[in-house]
Amino acid sequence: MRLSKYFLVTTKETPADAEVVSHQLMLRAGLVRKLGAGLYTWLPLGLRVLRKVEAVVREEMNRAGALEVLFPPQVPAELWQESGRYEKYGPELLRFKDRHQRDFILGPTHEEVVTDMARRDIRSYKQLPVNFYQIQTKFRDEIRPRFGVMRGREFLMKDAYSFHTDEADLVREYRNMRETYRRIFTRIGIDFRIVKADSGAIGGDRSEEFHVLANSGEDLLAVSDTSDYAANIEAADTSPQGSRPAASAQLEKVATPTQKTCEDVAALLGIPLQSTIKLIVAKGRDGGLVALAVRGDHSLNAVKAEKHPKIAAPFTLASDAEIRAAFGCEPGFLGPVGAKLTVIADHAAAVLADFVCGANEAGFHLRGVNWVRDAAEPESADLRSVVAGDPSPDGQGKLSLVRGIEVGHIFQLGRKYSDAMHLSVLDEAGKELVPEMGCYGIGVSRIVAAVIEQRNDAGGILWPDAIAPFRVIICPIGLDKSAPVKEAVEKLYADLGAAGIDVLLDDRGQRPGSMFADADLIGIPHRIVIGDKGLANAQFEYKRRGAAEAQMIPATVEAVLEKLAA
RNA sequence: CGGGGUGUAGCUCAGCUUGGUAGAGCAUCUGCUUUGGGAGCAGAGGGUCGCAGGUUCGAAUCCUGUCACCCCGACCA
């Protein structure tokens, strides 16, 4: 491609509304343009990158035996009502009515659609296993789109769905996809980490996420410092630690007129936050309320809580009025002593002795509180999020918290959708069999941002070869003045093109400084500079993006190809 | 949805407090010079100051409303 015929729109200045570096560079390098909040146009240069990511994903999915299909993005609401997700998925589901007032959604994911297809066309166990995938724009009515294409209202996703006669075969395909994802992200050239995950709104039993580690990531991950254990904080387990010491302090009521939070109470009493307990009141699965006790320095983890058999899912807090009715006291001074509700304590809160908690009386807390003696022995459960320093659940090392960008997610769905939507096939004995399902997603457009987030410097983007919009850029010095330069440039451009290399020729007649700045900004991995000086010695100058120094190489296409292969 | 902030040229911003005929840099276009890390000189084009009302002789500026965008938060009592 000749730059004079291309559409390259780069800027020196950083757009004011871009917060993270990938968003800034995508705008500066002319990869995307914003249409509205969370909506982006992919310009020619950006689209080349997106298509290259897509190509890697497609090749590896095909190689793994998956079959590409294309579902409509518009889905009749009935399908989602059938699975129960029309109500359950919440306001993120983008809904609309057509001219006949029929309800539709724009698909944020396609489990219902693929299951519907499967129940029509899969009739025999002989057709299994099978794995269908598509690469398509997904729609989500995000609460707050941000960070450019990282969290948009629509984004390009590869979603795959597999069907199996039994769980063992599902596990086999899950591992196959896990390895395929490894290959995809390795080929693309990003550092990633596989982490244990919660399966969230998609549902299912086992799932793992693929994360790109980056400080701007929206997810918190817990990783062990000595083993390869890694989990999303939503799914990182805590286990009971130690045993409860004997009670040694007397129960005592203390005035805390304005201190409603554990932090304030601990500061007032001059005690560590770790010896306070807060009580959180939530809806119970039986329709009543339950009280959850968590140590003052810990945070309740709603994802864990709603999996507890006595706690309602989705996790819902009690209202202030409900709390008053149950405790006879306003929130801020609640405690387990004398509480009439079932109390479930986090493991760490359950082993505390001589702790501080609310007195169930406005303006007062209790100190020297002990389970059993002062409050009924609570059920102990894993209710909190891990914190840095917690022991790793695999028993090896301590956890630290890092940030990650989720670029892939694989699930063993089990029969969640096949049951709900009555998908069944005949087995060898002619009996009905409900297939096991798996699903596997990759955020294709998000990968583009995540790669930039991980690979950039002061000059701009550093694309890995596999997804660079162009692999080589030729920068001629004095193109209009020097016949030898023009001849050498045209020959190399033609030769590289003939060799199947994506090559960009900067024939705009710019000064070297601005050519180099643009080449760096848009992140082309290899740069060839051709000028009279070098040609006098039959040499081109070669520089790898990100390298400190340029080097001279023989002025031949072979020498250039050798550099590209290195 | 709650809180905070911003809307003035394609981009980054000044002007607003104290109302008086719209500004800078970058970008763009033309010409000349220049050609190894975002060149210099000369000239040119480009804005109903987000939108709608109001106050005023007069509004980018003051008032009211509205829309858009950005940031933080949105279960931790």
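Proteins come first, then strands; the chains are lettered A, B, ... in the order of their sequence lines, and each starts at number 1.
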If you go through the side-chain atoms of [X], does one of them form a donor-acceptor pair with the base of [N] closer than 3.5 Å?
| X | N | value |
| --- | --- | --- |
| A:R527 | B:G37 | yes |
| A:K12 | B:C26 | no |
| A:Q510 | B:G38 | no |

Roughly how many Å apart are [M] and [N], using the [atom1] atom of each and rounding to a whole number?
| N | M | atom1 | value |
| --- | --- | --- | --- |
| B:C63 | B:G40 | P | 42 Å |
| B:A9 | B:C1 | C1' | 36 Å |
| B:G38 | B:U17 | P | 41 Å |
| B:U66 | B:G47 | C1' | 22 Å |
| B:A14 | B:U55 | C1' | 27 Å |
| B:C57 | B:U21 | C1' | 14 Å |
| B:G45 | B:U30 | P | 15 Å |
| B:C13 | B:A60 | P | 23 Å |

Provide the Watson-Crick or G-U wobble partner of [N], both distances under 3.5 Å; none if there is no partner.
| N | result |
| --- | --- |
| B:G2 | B:C72 |
| B:G46 | none |
| B:C62 | B:G54 |
| B:G31 | B:C41 |
| B:C16 | none |
| B:G7 | B:C67 |
| B:A22 | none |

From the set [options], return the single nucleotide nearest to any side-chain atom of [X].
| X | options | result |
| --- | --- | --- |
| A:E13 | B:C69, B:C76, B:C26 | B:C26 |
| A:F147 | B:C72, B:G38, B:U12 | B:C72 |
| A:R146 | B:G38, B:U35, B:C71 | B:C71 |
| A:F315 | B:G36, B:G37, B:C75 | B:C75 |
| A:I143 | B:C1, B:G38, B:C71 | B:C1 |
| A:K34 | B:G36, B:G25, B:C70 | B:C70 |
| A:I477 | B:C75, B:G25, B:U35 | B:U35 |
| A:L317 | B:C75, B:G36, B:G38 | B:C75 |
| A:R144 | B:C76, B:A74, B:G38 | B:A74 |
| A:I280 | B:C76, B:U35, B:C70 | B:C76 |

Using a 4.0 Å heavy-atom cut-off, does [X] contact any base of the nucleic acid, only the sugar-phosphate backbone, or nothing at all?
| X | value |
| --- | --- |
| A:V294 | nothing |
| A:V9 | nothing |
| A:L292 | nothing |
| A:A18 | nothing |
| A:A37 | sugar-phosphate |

Expressed as a whole number of angstroms, how long is the span from [X]:[atom1] to [N]:[atom2]?
| X | N | atom1 | atom2 | answer |
| --- | --- | --- | --- | --- |
| A:E549 | B:G37 | CD | P | 14 Å |
| A:L273 | B:C76 | CG | C1' | 12 Å |
| A:I524 | B:G37 | CD1 | P | 21 Å |
| A:M150 | B:C71 | CE | P | 12 Å |
| A:L35 | B:C69 | CG | C1' | 13 Å |
| A:D506 | B:G38 | CG | C1' | 12 Å |
| A:R28 | B:G38 | CZ | C1' | 10 Å |
| A:K304 | B:C76 | NZ | P | 18 Å |

Do the side chain of A:Y6 and the main chain of A:L505 share a donor and acceptor less than 3.5 angstrom apart? no
Kindly confirm or rule out a cation-pi arrangement of [X] over [Y], judged by NZ or CZ under 6.0 Å from the six-membered ring centre and within 45° of its axis?
| X | Y | result |
| --- | --- | --- |
| A:R33 | A:Y40 | no |
| A:R140 | A:F155 | no |
| A:R95 | A:Y86 | yes |

Ionic contact status for A:E379 with A:K310, cut-off 4.0 Å: yes
Closer than 4.0 angstrom, basic N to acidic O: yes or no for A:R367 and A:D354?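 No, no charged N to carboxylate O under 4.0 Å.
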A:P512 vs A:G36, nearer the 5' end of RNA chain B by closest nucleotide: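 Its nearest nucleotide being more 5', the pick is A:P512.
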Judged by each residue's nearest nucleotide on RNA chain B, which is more toward the 5′ side, A:E19 or A:N301?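 Nearer the 5' end of the strand: A:E19.
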Fit a plane to each ring of A:F355 and A:W371, take the angle between them on a 0 to 90° scale, and name the class: parallel (under 30°), tilted (30 to 60°) or perpendicular (over 60°). tilted
Heavy-atom side-chain proximity of A:L535 to A:I530 below 4.5 angstrom: yes
Please indicate whether A:E377 has more than 12 foreign heavy atoms, meaning atoms of other residues, nucleotides or ligands, lying under 6.0 Å from its CD. yes
